[in-house]
Colleague: 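Could you have a look at this structure, given as structure tokens, before my questions?
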Amino acid sequence: MTSLLAPTLREDPAEAETASHRLMLRAGLMRRLAAGIYSYLPLGQRAIAKVEAIVRQEMDRQGCQEVRLPLVQPEELWVESGRSAKYGEELWRLKDRHGRPFVLAPTHEEVVTDLVRREVSSWRQMPLILYHVTNKYRDEPRPRAGVMRAREFVMKDAYSLDRDRDGLSASYAKMREAYARFCTRCGLDWRVVEADPGAIGGHDTVEFVALAGEGEAEIVYCERCGYAANVERAEGGRPAAGAEAEAAEDAGGAAAGPVRLHTPGVRTIDELCAFAGVPASRTSKILFYWAEHAEGRCELVAALVRGDRQLNEIKLGNAVGARRLAMAGREEVLALTGAPVGSAGPVGLRGARLLTDLEVAHGGGFAIGANQEDWHLLGAKAGRDFDPGEVADLRLVGAGDPCPRCASPLGAARGIEVGHMFALGAVYSQTMGALYRDDQGGSHPIEMGCYGIGVTRTLAAVIERHHDRDGIIWPFAVAPYHVAVVPVAAGDDGTREAAEGLYADLRAAGVEAVLDDRDERPGVKFKDADLLGWPLRVTVGRALRDGAVELRRRADGKTEMVALGAVVATIRERVAAGLGETAP
RNA sequence: CGGGGUGUGGCCCAGCUUGGUUAGGGCGCCUGGUUCGGGACCAGGAGGUCGGCAGUUCAAAUCUGCCCACCCCGACCA
């Protein structure tokens with residue numbers, strides 16, 4: 001280790017807060033060059049190489065073919081696909097010396113589509129899955145938590161090319177299998193969840209989320225039926241049948257109408273509940289947004305959700321087909337409804353496109369704003385008292401909500417999105433003209449899928465999952481080295497020679513080992529060994545008198561004495577067993 | 001982009017409110033010595049545009065303005 005560039009830090013760097021970020025800096029895996037841009041030092045690079053190797057093995061197992069695609073791409077390809085505008089500022093743009101516009105690759109759908117429209121023209125050439133592992137560039141508005149959200153990062157991206165929807169489904173299933181194996185082999189505690197297709201388009205999409213308290217992704221899951229989804233996507237559904245009947249009763253039957261209630265000063269749902277004596281689940285709130293469409297056209301939309309629910313803006317955006325949403329100002333609401341924000345409601349609403357959440361549309365007996373300052377309506381029911389407009393699932397689903405499949409209460413968790421896959425279909429091949437001939441001579445767009453794994457982010461996820469107060473606890477599968485040989489009493493020739501001999505034997509036996517030959521006191525070496533997280537540590541010291549060394553496991557601190565003659569064999573066994581621990 | 005915060009030797013920080021000689025401490029680094037099983041001790045030493053520019057002042061790390069960088073929260077995010 002005297003010659004190994006692994007500069008450990010005794011104290012936590014001020015710039016890092018999350019565990020993985022802190023430890024990647026402290027353990028000398030990487031150093032920051034600029035916001036969201038890092039240099040990887042030898043140990044970081046080795047860990048990355050381990051993750052990459054696992055990815056490659058799993059890709060190759062499914063018959064994927066590795067390629068290497070350019071990181072610098074002509075912007076015109078992105079104009080052609082329509083994503084130059086869609087990506088906006090996040091697309092990292094640059095110009096060559098002639099002033100021609102280029103972009104740094106945030107992903108490679110355009111390049112792959114361009115490649116295959118030139119090279120794949122027959123049904124005989126498919127199915128085909130291409131992948132590569134390279135840097136990606138996204139000029140994030142806010143890079144954060146080290147490599148968790150970086151501007152330059154390593155990603156494995158794959159693209160499947162198929163003749164038809166069935167072929168795409170088969171490729172998608174293969175990749176799903178590969179991703180599951182990958183996550184398990186890296187030692188992650190993970191879930192696969194349904195996700196929102198977002199701007200990339202396509203039909204089917206799932207995320208592979210490594211569970212971690214520090215993660216950015218919020219997911220809900222059902223222990224009973226296995227349903228799991230990103231909260232962005234999780235379906236709200238209609239209220240249970242019993243609740244619907246109850247609600248109808250609350251509304252006072254089909255013939256009755258809502259009751260007007262004077263509510264001076266009532267502005268919020270909480271105040272309304274207190275004033276009118278109704279639970280928040282028996283209220284409904286209306287939210288106004290400006291929806292910006294692809295052509296730049298803006299439209300005012302109103303969303304009606306239950307008072308105790310949160311609006312899921314992604315769902316609303318999808319429902320209205322907007323590129324972006326921005327909440328409307330108070331004055332605009334006043335001008336439109338004739339009532340201030342706290343008294344606005346859906347009854348007689350004009351001038352805005354109204355969308356009503358399933359729960360409100362199928363429920364009844366809601367307290368709502370009366371579109372008149374200081375007045376509310378009690379017992380209002382969609383369809384009878386107001387036109388619900390478009391009915392859609394608009395609410396944010398959370399812990400305790402009923403599972404949309406089996407109605408059991410959902411659990412919630414946070415995690416890190418390490419993988420994401422999309423069944424794109426023909427969205428790119430259609431717009432960019434990637435067509436092939438079938439066996440009848442007919443022309444069809446290629447059915448595509450795209451699949452990404454954040455390699456550097458996976459590393460962060462592994463550390464989030466495997467660390468303690470003292471440092472990293474590498475799973476064998478991604479550890480930069482499997483074992484550290486630590487001689488104590490460096491001044492003693494016998495100790496040093498024994499350690500060096502053991503180290504040489506281990507290397508000769510193919511064991512990934514390091515030798516801590518630094519002229520440091522034992523405490524320093526032990527602390528660094530814990531920080532660096534070697535799965536195994538061999539202490540060569542006082543046990544040498546009995547012809548033995550100590551073999552210690554980082555994961556649980558268990559130590560055993562091993563006779564010198566048996567050390568190499570024992571370590572090989574332990575490494576093999578350790579690698580087997582995360583085998584799928 | 002909005003809000004908050006930070007910027008002082010490689011790392012962690014003090015000093016700034018109330019301007020005043022050579023800008024401090026701990027860790028790390030170099031030299032010598034003593035130590036040597038959980039971040040040793042002693043002695044000596046190197047290393048600084050106090051983020052940058054401009055201003056106020058006899059005098060600026062310290063006050064003012066502008067700018068830059070970085071971190072956190074939010075918006076955003078295939």
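Letters A, B, ... mirror the listed sequences (proteins, then strands); counts begin at 1.
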Colleague: Does this structure show an ion pair linking A:Arg149 with A:Glu140, if we count only N-O contacts that are shorter than 4.0 Å?
Modeller: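 Answer for the salt bridge query: yes.
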
Colleague: Taking all non-hydrogen atoms of both residues into account, name the closest pair between A:Gly425 and A:Ser429 and its distance.
Modeller: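 For A:Gly425 versus A:Ser429, the nearest heavy atoms are O-OG, 4.1 Å.
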
Colleague: Check the distance between B:rA69's P and A:Leu33's CG and give it to me in whole angstrom.
Modeller: 14 Å

Colleague: For B:rU6 and B:rG39, measure between their C1' atoms and round to the nearest Å.
Modeller: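 Straight-line distance between the two C1' atoms is 28 Å.
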
Colleague: Quick one: on RNA chain B, does A:Glu17 or A:Val524 contact a more 5' nucleotide (nearest heavy atom)?
Modeller: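 The residue mapped nearer the 5' terminus is A:Val524.
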
Colleague: Is the phosphate of B:rG38, meaning OP1 or OP2, less than 4.0 Å from a side-chain N or O of A:Arg521?
Modeller: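 Looking at the OP1 and OP2 atoms of B:rG38, neither is under 4.0 Å from any side-chain N or O of A:Arg521.
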
Colleague: Quiz question: going by heavy-atom distance under 3.5 Å, is there a donor-acceptor pair between the base of B:rC77 and the side chain of A:Arg149?
Modeller: yes

Colleague: Of A:Leu515, A:Val483, A:Asp517, A:Asp516, which is the lone residue that meets side-chain contact (heavy atoms from CB on, under 4.5 Å) with A:Tyr503?
Modeller: A:Leu515

Colleague: In whole angstrom, give me the gap between the C1' atoms of B:rA61 and B:rU21.
Modeller: 15 Å

Colleague: To the nearest 0.5 Å, tell me how far A:Leu168 CG sits from A:Leu424 CG.
Modeller: 8.0 Å

Colleague: Starting the side chain at C-beta, find the nucleotide from B:rC70, B:rG37, B:rC11 nearest to A:Glu11.
Modeller: B:rC11

Colleague: Quick one: A:Arg144 CZ to B:rC73 C1', roughly how many Å, whole number?
Modeller: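 Whole-Å distance recorded here is 9 Å.
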
Colleague: Regarding A:Asp12, tell me which of base, sugar-phosphate or nothing describes its non-hydrogen contacts under 4.0 Å with the strands shown.
Modeller: sugar-phosphate

Colleague: When you look for runs of 3 or more Watson-Crick or G-U pairs in a row, both distances below 3.5 Å, which of them include RNA chain B?
Modeller: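 RNA chain B stems, ordered by first number: B:1-7 with B:68-74, B:10-13 with B:24-27, B:29-34 with B:40-45, B:51-55 with B:63-67.
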
Colleague: Nearest of B:rG37, B:rG38, B:rC70 to any side-chain atom of A:Arg537?
Modeller: B:rG38

Colleague: Rounded to whole angstroms, how far apart are CG on A:Leu25 and C1' on B:rC70?
Modeller: 13 Å

Colleague: Below 4.0 angstrom, N of the basic side chain to O of the carboxylate: do A:Arg574 and A:Glu560 qualify?
Modeller: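 A salt bridge is present here (some side-chain N lies under 4.0 Å from a carboxylate O).
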
Colleague: Considering only atom C1', compute the distance from B:rA60 to B:rG19 and round it to an integer number of Å.
Modeller: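 Going atom to atom, C1' in each nucleotide, I get 6 Å.
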
Colleague: Can you measure A:Met561 atom CE to B:rG37 atom C1' for me and round it to whole angstrom units?
Modeller: 12 Å

Colleague: Describe the nucleic acid contact of A:Arg32 in one word from base, sugar-phosphate, nothing, applying a heavy-atom distance below 4.0 Å.
Modeller: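 Sugar-phosphate contact only - A:Arg32 comes under 4.0 Å of backbone atoms but never of a base.
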
Colleague: Inspect the contact between A:Glu17 and A:Arg22 and indicate whether a charged nitrogen and a carboxylate oxygen are less than 4.0 angstrom apart.
Modeller: no

Colleague: Mind listing the residues from residues 451-461 of chain A sitting with a heavy atom below 4.0 Å of RNA chain B? Number order is fine.
Modeller: none

Colleague: Decide, yes or no, whether a salt bridge links A:Asp12 with A:Arg26 under the criterion of side-chain N to carboxylate O below 4.0 Å.
Modeller: yes

Colleague: Between residues 542-558 of chain A and RNA chain B, which residues have a heavy-atom gap below 4.0 Å?
Modeller: A:Arg542, A:Ala543, A:Glu550, A:Arg552

Colleague: Salt bridge check: are A:Glu58 and A:Arg181 linked by an N-O gap of less than 4.0 Å?
Modeller: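 Salt bridge: yes.
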
Colleague: Please state the P separation for the pair B:rG5 and B:rC63 - nearest whole angstrom.
Modeller: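 Per the computed distance, 15 Å lies between those P atoms.
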
Colleague: For A:Pro13, report the nucleic acid contact type (base, sugar-phosphate, nothing); a contact means any heavy atom under 4.0 Å.
Modeller: sugar-phosphate

Colleague: Suppose you measure atom P in B:rG25 against the same atom in B:rA43; what distance do you get, rounded to whole Å?
Modeller: 13 Å

Colleague: Could you work out the separation of B:rA40 and B:rC50 based on their P atoms and round it to a whole Å?
Modeller: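 Those two atoms are separated by 34 Å.
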
Colleague: Measure from CG on A:Asp519 to P on B:rG39 and round the result to the nearest Å.
Modeller: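 Taking CG of A:Asp519 and P of B:rG39, I get 17 Å after rounding.
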
Colleague: Have A:Tyr137 and A:Glu152 got a donor and an acceptor in their side chains that come within less than 3.5 Å?
Modeller: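 There is such a pair (donor and acceptor under 3.5 Å, judged by atom type) between the side chains of A:Tyr137 and A:Glu152.
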
Colleague: For B:rC12 versus B:rC53, give the span between their P atoms, rounded off to a whole number of Å.
Modeller: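 Per the computed distance, 23 Å lies between those P atoms.
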
Colleague: Determine the sole option in A:Leu69, A:Leu130, A:Thr113, A:Leu115 for which the side-chain contact (heavy atoms from CB on, under 4.5 Å) test with A:His108 is passed.
Modeller: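 For A:His108, the side-chain contact (heavy atoms from CB on, under 4.5 Å) check succeeds only for A:Leu69.
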
Colleague: Toward the 5' end of RNA chain B, which comes first, A:Lys527 or A:Glu15, by nearest nucleotide?
Modeller: A:Lys527

Colleague: State whether A:Arg10 places a side-chain N or O below 4.0 Å from either non-bridging phosphate oxygen (OP1 or OP2) of B:rG28.
Modeller: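 Result: yes.
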
Colleague: The side chain of A:Arg142 lies closest to which of these nucleotides: B:rC72, B:rC11, B:rG39?
Modeller: B:rC72

Colleague: May I have the distance from A:Arg138 (atom CZ) to B:rC76 (atom P), rounded to whole angstrom?
Modeller: 17 Å

Colleague: If I take atom CG in residue A:Asp516 and atom P in nucleotide B:rG39, what distance separates them, rounded to the nearest angstrom?
Modeller: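 That distance rounds to 15 Å.
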
Colleague: Any salt bridge linking A:Arg537 with A:Asp528? Criterion: basic side-chain nitrogen under 4.0 Å from a carboxylate oxygen.
Modeller: no

Colleague: Select one nucleotide: of B:rG39, B:rC72, B:rC13, the one nearest the side-chain heavy atoms of A:Ala14.
Modeller: B:rC13

Colleague: Whole angstroms only, please: what is the CD-C1' distance between A:Glu89 and B:rA75?
Modeller: 14 Å

Colleague: Using the P atom as the reference point in each nucleotide, state the distance between B:rU31 and B:rG20 in Å, no decimals.
Modeller: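 Looking at atom P only, B:rU31 and B:rG20 are 39 Å apart.
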
Colleague: Establish, from distance only, whether the side-chain atoms of A:Tyr428 and A:Arg117 form a donor-acceptor pair under 3.5 Å.
Modeller: no

Colleague: Is A:Arg191 salt-bridged to A:Glu417, going by a charged N under 4.0 Å from an acidic O?
Modeller: no

Colleague: Check this for me, if you would: do A:Glu75 and A:Arg93 make a salt bridge, where the nitrogen-to-carboxylate-oxygen distance has to be below 4.0 angstrom?
Modeller: yes

